[in-house]
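Worksheet: the structure to be examined is printed underneath.
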Number of protein chains: 2
Amino acid sequence: MTVAENEINKTTKQNITPVVEDYLKAIYSLRQTGETVRTAALAVRLNVKPPTVTAMLKTLADLNLIRYEPYRGVELTESGEQIALEVVRHHRLIELYLVEALGFSWDEVHDEAEVLEHFISEKLEARIADYLGNPTHDPHGDPIPNLDGTLPETTANTLADFSPAAREVRVVRVRDQNPDRLRYLSEIGLVPQSTIKIVAAEPFDGPITIQISKKKIALDRQLARLILVEEMKG
Amino acid sequence: MTVAENEINKTTKQNITPVVEDYLKAIYSLRQTGETVRTAALAVRLNVKPPTVTAMLKTLADLNLIRYEPYRGVELTESGEQIALEVVRHHRLIELYLVEALGFSWDEVHDEAEVLEHFISEKLEARIADYLGNPTHDPHGDPIPNLDGTLPETTANTLADFSPAAREVRVVRVRDQNPDRLRYLSEIGLVPQSTIKIVAAEPFDGPITIQISKKKIALDRQLARLILVEEMKG
DNA sequence: TTTAAGATTTAGACTATACTAAATTTTGTG
DNA sequence: CACAAAATTTAGTATAGTCTAAATCTTAAA
């Protein structure tokens with residue numbers, strides 16, 4: 001906190017609307033890909049037009065939630081990231097809760113969580129986390145941020161990048177939210193914690209062939225990039 | 001459906017915002033008291049100023065959700081009431097769910113439900129109702145509207161009006177949402193399904209004395225009016 | 001190194017929901 | 001039954017978040 005706060009720019013609870021939370025979450029998630037976060041990408045992600053994004057970026061900058069360089073891109077400030085992580089925590093807790101407590105399947109939970117994440121109280125969040133035994137990962141294998149805004153350790157390679165030495169690997173995470181693809185993956189048994197064998201990988205962008213309980217399956221390279229695996233230990 | 005629909009006034013899903021739902025619910029609940037529903041009462045209930053209510057009443061009338069007579073009052077149309085009942089159903093299912101599944105106490109659930117009622121999907125509503133065994137009453141004893149918009153049978157007198165013949169009665173419903181009063185009532189054991197004995201009632205607006213498991217308690221007349229009881233059968 | 005294409009921002013407008021101050025209608029009292 | 005008090009509506013304004021069209025900046029290619 002080296003920057004002086006003035007009356008005009010003070011971030012209050014009221015300023016943090018669901019829309020603001022969505023922008024922060026989008027910036028957070030686009031940043032994960034490594035690229036600088038630009039207006040166009042945010043517009044696509046949030047389903048609004050670029051001028052709308054520009055207007056909101058100014059607001060967020062005024063609230064000290066992002067650092068905004070016109071024409072160049074944005075990044076979250078410390079407090080912006082805290083809020084993004086809170087929302088992500090809500091999202092992933094809700095997803096897991098719907099699966100564990102109410103019998104939802106993993107392809108159904110995203111849309112529901114996308115809404116509810118903005119509206120559960122601290123108390124409800126705590127009860128849910130408690131019920132679930134303070135879990136570290138959601139049904140997709142995504143890490144659930146801790147209450148203090150730190151992330152649980154996650155080390156994994158994507159299935160696409162993993163050197164294909166006919167090795168057995170464990171699926172730890174599936175970074176996809178498309179219900180149809182998720183249903184397909186469930187069907188073939190490719191879900192977090194399952195074990196698969198990498199059989200062959202075409203060079204460049206060709207498909208990757210894996211084996212799941214005796215069945216061989218060719219996976220699109222793009223899809224393989226969304227699947228995180230780790231080497232079996234022991 | 002005798003009134004012709006025109007393009008301008010068509011009610012769409014999008015028109016039904018959380019704010020609209022709150023107005024419909026408020027009209028529904030104020031109507032229960034018998035009085036015609038006026039602008040001032042709505043303003044108090046919804047925590048907005050009267051001109052704000054007037055503006056919204058015009059909108060609701062345009063959407064065919066209410067019948068609005070300027071200066072005289074409003075009532076819900078059939079479709080307005082359907083929406084109000086859906087929201088009430090959500091509210092009460094959520095309250096009961098929080099108590100049954102997540103260990104909330106009855107004084108904690110109202111505020112949480114007040115928000116979430118607007119945001120749960122049909123699917124989540126169904127799973128919750130299912131989990132609870134399609135209940136007919138929430139933790140306050142309030143009836144939960146059915147999916148088709150009908151209300152389960154509820155016959156009861158208020159504790160204030162019940163003829164005090166030293167009779168044993170069963171508490172069926174507590175129409176109060178104030179957390180402090182609800183905690184007090186829990187403390188003395190006055191909750192839905194408990195049995196109490198009416199010992200004495202002062203005339204007019206004096207207190208009513210009741211007995212709960214050997215303890216005599218004087219209850220404010222106004223509070224007694226919020227407590228619904230029925231005669232013990234058998 | 002100029003310039004055209006692409007990305008971004010500015011300008012101006014719209015909708016939903018809220019407000020205050022002023023005008024109007026209803027109601028209750030004498 | 002007249003008129004003051006109370007309730008309600010009208011008029012005009014504000015804010016959050018969105019849009020389209022036009023202007024401007026950045027970048028990549030000739």
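Worth saying up front: this structure is predicted, and the values here are computed from it rather than measured.
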Looking at [N], I'd like to know if its phosphate oxygens (OP1 or OP2) sit under 4.0 Å from a side-chain N or O belonging to [X].
X     : N      : result
A/T52 : D/dC19 : yes
A/Y23 : D/dT18 : yes
B/Y71 : D/dA6  : no
A/K58 : C/dT10 : yes
B/T54 : D/dT10 : no

Review point. What heavy-atom pair brings B/V20 and B/L65 nearest, and what distance separates the two atoms?
Key: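 Looks like CG1-CD1, 4.0 Å.
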Practice item. Please step through ring-ring contact (aromatic ring centres under 6.0 Å, His included) for the pair A/H91 and A/H110, ending with a clear verdict. Key: CA-CA 8 Å; A/H91 183 101; A/H110 178 77; 4.9 Å; yes
Point to revise | Donor-acceptor side-chain pairing of A/E86 and A/Q82 below 3.5 angstrom | key: no
Report the nucleotide, chosen from [options], that has the shortest atom-to-atom distance to any side-chain atom of [X].
X     : options                : answer
B/A40 : D/dT8, D/dT18, D/dG17  : D/dT8
A/K49 : D/dG17, D/dC19, C/dT17 : D/dC19
A/P51 : D/dT26, D/dA21, D/dG17 : D/dA21
A/R72 : C/dC19, D/dT18, D/dT27 : D/dT27

Taking atom [atom2] of [N] as reference, at what distance in whole Å does atom [atom1] of [X] sit?
X      : N      : atom1 : atom2 : answer
A/L57  : C/dT9  : CG    : P     : 7 Å
A/E69  : C/dT8  : CD    : P     : 14 Å
A/I16  : D/dA16 : CD1   : P     : 12 Å
A/L42  : C/dA7  : CG    : P     : 15 Å
B/H118 : C/dT17 : NE2   : C1'   : 15 Å
A/Y68  : D/dC25 : OH    : P     : 13 Å
A/M56  : C/dT10 : CE    : P     : 16 Å
B/L46  : C/dA18 : CG    : P     : 8 Å

Study note, to complete from the structure: Assign each of B/N47 and B/R38 the nucleotide of DNA chain C bearing its closest heavy atom; nearer the 5' end lies the nucleotide of B/N47
Check your understanding: How far apart are the C-alpha atoms of B/E117 and B/E95, what are their side-chain angles, what is the distance that settles it, and do they pass the side chain to side chain contact (heavy atoms under 4.5 Å, CB included) test?
Key -> CA-CA 10 Å; B/E117 62 186 7; B/E95 285 194 340; over 6 Å; no
If you look at every strand shown and take non-hydrogen atoms under 4.0 Å, does [X] touch a base, only sugar-phosphate, or nothing?
X     : result
A/P70 : sugar-phosphate
A/T59 : nothing
B/T39 : sugar-phosphate

Practice item. Report the relative orientation of the aromatic rings in B/F119 and A/F119; use parallel for angles under 30°, tilted for 30 to 60°, perpendicular for over 60°. Key: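 Parallel: the ring planes of B/F119 and A/F119 meet at under 30°.
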Practice item. Evaluate the side-chain proximity of A/I227 to A/R175: yes if any heavy-atom separation is below 4.5 Å, no if none is. Key: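 No; the side chains remain at least 4.5 Å from each other.
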